Amino acid sequence: MNEREIILREITNIVTELGVVNVPIVLERPGDMSHGDWASPVALSIASRLGKNPREIADHIAELILKKNISYIASVSVADPGFVNIFLTKDFFETSLRRALEEEENLGGTSIFDGKTVLVEYTQPNPFKPFHIGHLMSNSIGEAITRMFEYAGAKVVRANYQGDVGLHVAKALWGMLHKGVMPDDISGIGEAYAYGHEMYETDTIAQQEIVNLNKKIYERDPSILEMYTKGREATLAAFEKFYSILGTQFDLYFFESEVWELGMTLVTEGLEKRIFERSEGAIIFPGERYGLHTRVFVTKDGVPTYETKELGLAILKTQRSTFDLSITVTAVEQEQYFSVVFKALELLRPEYKGVFTHIHHGMMVVPSGKMSSRKGNIITGEELLLDMISRAKEKVSDRGVENVEIIAQEVAVGAIKYMVLKQGLGRNIVFDKEKSLSFEGDSGPYVQYTLTRARSVLEKALSEKITAVVRINGNPTVLERMIDRFTEKIVEALENREPSVVTQYLVALSSEFNAWYAQQKIVDVQNPESSHNVAVTRAVMAVLSRGLYMLGIPTPLKM
RNA sequence: GCUCCCGUGGUGAAAUGGAUAUCACGACAGGCUUCGGACCUGUUGUUGGGGGUUCGAAUCCCUCCGGGAGCACCA
């Protein structure tokens, strides 16, 4: 039992002793740390039942808590209109700091997913199409979620699913044929896709040609096979470069070309079981029966749609890996699509109910609205990354550190990932090149910078031979009390599938550390408290470095 | 039309139903003989409208207004 559970249990006992039952006992982190480490508004909720004034009850409860002699509690106070505020002891925080220094590498690790395997599918760029900033978003979120699960004891499988067949490929190939683009010309392929897409929408002859081409791709027709194979490889190789810069190493790759046949067998089976239906020549899943909407799984030309491939993908995942939970990370535009597909899967394979889940995040939009190749307002991942790296390089160069290239890249990746991970998943990010990415304040580089500063302090401590010794003199500071909350934040982030919980915590801790740093000289042979201050610095460093790792944000040594 | 998500200072965001709504950017005024100024201190300014539930609402319910996403052969 941790301190919270013990305090909660005692308060519950006290409330029962007061003769009140069936009331939820709330013990929470007060919004303002000056109110205490834990707070309970329980007096407010039972006041009306007891017919007494909440303040009076709170005073009484505070007195009873003190009488319990709980070893973690230093003091209990009452605030209007009837909050009971609890401060924990110096001993408690000293123990917590010592643990931070000892655990370092595994700091904040929990065991809530011990023995479980979680497969996370994310990024999902499509060969023959540009790697755009939406893919950066999915990658950042997926990688953070994966690492958090890893930290909670789970075995994780990183999976990527890439669409190497489908209408978008036909559009690109058609464009390449008409514009004479060579299959190793990445940017040419991107333009060819945009051209093919536009012609598909506006020209009926082109549309028919593209549909025919699409069939040929599925049939691996020799007339286009070489162009297809080379183009596929060239774009996939370009994606690999991004994964490496972003810090993701996938364990499994899935391609649409290898799942559609499996999907088709499921659809055929579903047709027999009357889960699917024929309608206007196509095979559909009538989602209305389940409060959802109808989707087409096989077109009237007999071509499987994305929906069918998704079914095949699910089965292929189970063939290549064993897992307790599968999470697919995509943008919100696919939210309802997944509800339908997973419902169909559940009907076909009831044993997978609840195993396949989906996390959706907001979209990267530009000030003029949604990005689309037709509007010509797509920002590619490469553009953004190169742009950020060159800006970071300017700053790094001024500082006379070595390995400018590497550090600029780490800072740029940190800035981009932080931008994605700092806010709730549900929100869109309006991407404005000038404003969105900052190196100051609430930013990735701010946290990275805080870490490098802490590291410098510790280097100096080493040279002055001041070692870390935990000994809190007086009341625990806000900084010391915050360090203790690391694990709790990870668990919260994991339970809510919300990496921003960790991001917010790290920036708040950085801010607190920077303010503390500015107040005094940490390494000071004249100051008897210096050893303790060095210990606090080391603990902060451990938390920041583990926290950033968990978010997938690089931790430069110097910057 | 139906379904889902979102409206918080000038801007971008935070807040398991709890206290005086918290940060950052911007603007303005300050701070380096110090361990790194990508920093710190201070000032400025906010819950779309209207009902309801509750001891207590940015949060839950209803409704209106505004924005985004999805809804049959795209991924």
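Model, not experiment: these values are computed from the prediction. To find a chain, count down the sequence lines: A is the first, B the second, and so on, and within it residues start at 1.
Look at A:Tyr306 and you won't find any side-chain N or O under 4.0 angstrom from OP1 or OP2 of B:rA75.
The line from OH of A:Tyr195 to CH2 of A:Trp174 is 4.5 Å long, rounded to the nearest 0.5 Å.
Within 4.0 Å of A:Phe439, counting heavy atoms only, lies at least one base atom of the nucleic acid. A:Glu256 comes within 4.0 angstrom of the backbone, heavy atoms only, and of no base. Within the nucleic acid shown, A:Gly163 has no heavy atom closer than 4.0 Å to any nucleic acid atom. Base contact: A:Ile284 has a heavy atom under 4.0 Å from a base atom. Here A:Lys309 lies in heavy-atom contact (under 4.0 Å) with sugar-phosphate atoms only. Within the 4.0 angstrom heavy-atom criterion, base atoms lie near A:Ser279.
In RNA chain B, runs of at least 3 stacked Watson-Crick or G-U pairs (N1-N3 plus N6-O4 or O6-N4, or N1-O2 plus O6-N3, all under 3.5 Å) give these stems: B:1-7 with B:65-71, B:10-13 with B:22-25, B:26-31 with B:39-44, B:48-52 with B:60-64.
Heavy-atom distances under 4.0 Å link RNA chain B to A:His293, A:Arg295, A:Val296, A:Thr299, A:Lys300, A:Thr305 of residues 290-305 of chain A, given in residue order.
Checked against salt bridge (Lys or Arg N to Asp or Glu O under 4.0 Å), A:Arg4 has no partners two or more places apart in sequence or in another chain.
Looking at which nucleotide of RNA chain B each of A:Ser510 and A:Arg453 is closest to, the 5′-most match is held by A:Arg453.
Comparing the C1' positions of B:rC64 and B:rU20 gives a spacing of 32 Å, expressed to the nearest Å. Rounded to the nearest Å, the gap between the P atom of B:rA58 and that of B:rU47 is 11 Å. To the nearest whole angstrom, the two C1' atoms, one in B:rU34 and one in B:rA57, are 49 Å apart. Atom P of B:rU43 sits at a distance of 11 Å from the matching atom of B:rC23, rounded to the whole Å.
Residues A:Glu335 and A:His358 come closest through the heavy atom pair CA-CE1, 3.7 Å. Between A:Asn160 and A:Tyr122, the shortest heavy-atom distance links the atoms OD1-O, 3.2 Å.
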Notebook entry, point to check: If the sugar-phosphate is the primed atoms plus P, OP1 and OP2 and the base is the rest, what is the B/S/- string for nucleotides 14-20 of chain B, using protein heavy atoms under 4.0 Å?
Noted result: S-B-BB-
I'd like a table of donor-acceptor pairs (distance under 3.5 Å, sequence neighbours excluded) in which one partner is a side-chain atom from residues 277-288 of chain A, with atom names and distances.
unit_1   : atom_1 : unit_2   : atom_2 : d
A:Glu277 : OE2    : A:Arg289 : NH2    : 2.4
A:Glu288 : OE1    : A:Thr294 : N      : 3.4
A:Glu288 : OE1    : A:Thr294 : OG1    : 2.4
A:Glu288 : OE2    : A:Thr294 : N      : 3.4

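As rounded to whole Å, 9 Å separates atom P of B:rA75 from atom OH of A:Tyr200. One can place CE of A:Met419 at 12 Å from C1' of B:rG12, the figure rounded to the nearest angstrom.
Evaluation of the side chain to side chain donor-acceptor pair (under 3.5 Å) test over residues 527-539 of chain A, restricted to residues two or more places apart or in two chains, returns A:Glu104-A:Arg538, A:Asn473-A:Glu529, A:Glu480-A:His532.
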